[in-house]
Amino acid sequence: MIEISNISYEDKSVLQNLIQLYRYDSSEYDGHVLNKYGLYQHKYLDHQWTEEYRRAFLIYKDEELAGFALIMLGVPREFVKLSDVQETNVISDFFVLRKYRGQGVGKQAAFDIFDKFPAAWEIRQTQRNHAANQFWNKVINEYTKGRYKEEYLNGSWDGPVQCFQSNKYD
């Protein structure tokens, strides 16, 4: 069984630990580097609990920790270049442990998040992260029954962006 659960501030260290794995995995695509203490930084870590529009979730498979998702809700349109709506939701970071990849864990967690927060959505990947792009295209295509678009922002983001509306595909 796949579950998503809000991360409390008391569990911030769990998220910090998972971010180390996430940044390590993605460093070959996005160029993140270790600091002098051998750690990857996430400059918005504390913002998950101080900014009302941010939400942080742990992902579990059969009650075992399997990953995390960081999302932003109601991002104003001035930051969203592809949507015809006034605001959109964004997955800012999404990570599933290698052990659980290819088992539907990420797909089900994403579906649960989209259903929990019905709205326009944008999902972005860095240009070089082809695996993430393939994952998101497959997941969003299935979720929306093909009713989404993938586009590129001119200059403001280096990579593909999928745009769609959740809870409109019964």
- Message: Using side-chain heavy atoms (C-beta onward) and a distance below 4.5 Å, is Tyr143 in contact with Asp115?
- Response: yes
- Can you name the residues that form a salt bridge (Lys or Arg N to Asp or Glu O under 4.0 Å) with Lys138, not counting sequence neighbours? none
- Query: How are the rings of Phe95 and Phe68 set to each other: parallel, tilted or perpendicular (split at 30° and 60°)?
  - Reply: tilted
- Any sub-3.5 Å donor-acceptor pair from Thr88's side-chain atoms to Ala120's backbone N or O? yes
- Item | Side-chain (Arg101) to main-chain (Val96) donor-acceptor, under 3.5 angstrom | yes
- Task: Ignoring hydrogens and angles, tell me if any N or O in the side chain of Gln20 forms a donor-acceptor pair with the backbone of Tyr40 under 3.5 Å.
- Result: yes
- Message: Quiz question: by atom type and distance under 3.5 Å, do the side chains of Tyr44 and Glu51 form a donor-acceptor pair?
- Response: no
- Tell me, do Asp46 and Tyr9 make a side-chain contact under 4.5 Å, heavy atoms counted? yes
- Do Asp30 and Arg23 pass the salt bridge (Lys or Arg N to Asp or Glu O under 4.0 Å) test, and can you show the C-alpha distance, the side-chain angles, and the key distance before you say yes or no? CA-CA 9 Å; Asp30 58 26; Arg23 292 287 176 142; 5.3 Å; no
- Query: Would you call the rings of Phe94 and Trp136 parallel, tilted or perpendicular if under 30° counts as parallel and over 60° as perpendicular?
  - Reply: perpendicular
- Message: Checking side-chain polar atoms at under 3.5 Å, does Asn129 have a donor or acceptor matched by the opposite partner on Asn133?
- Response: no
- Item | CD1-CZ distance between Ile71 and Phe117, expressed to the nearest 0.5 angstrom | 4.5 Å
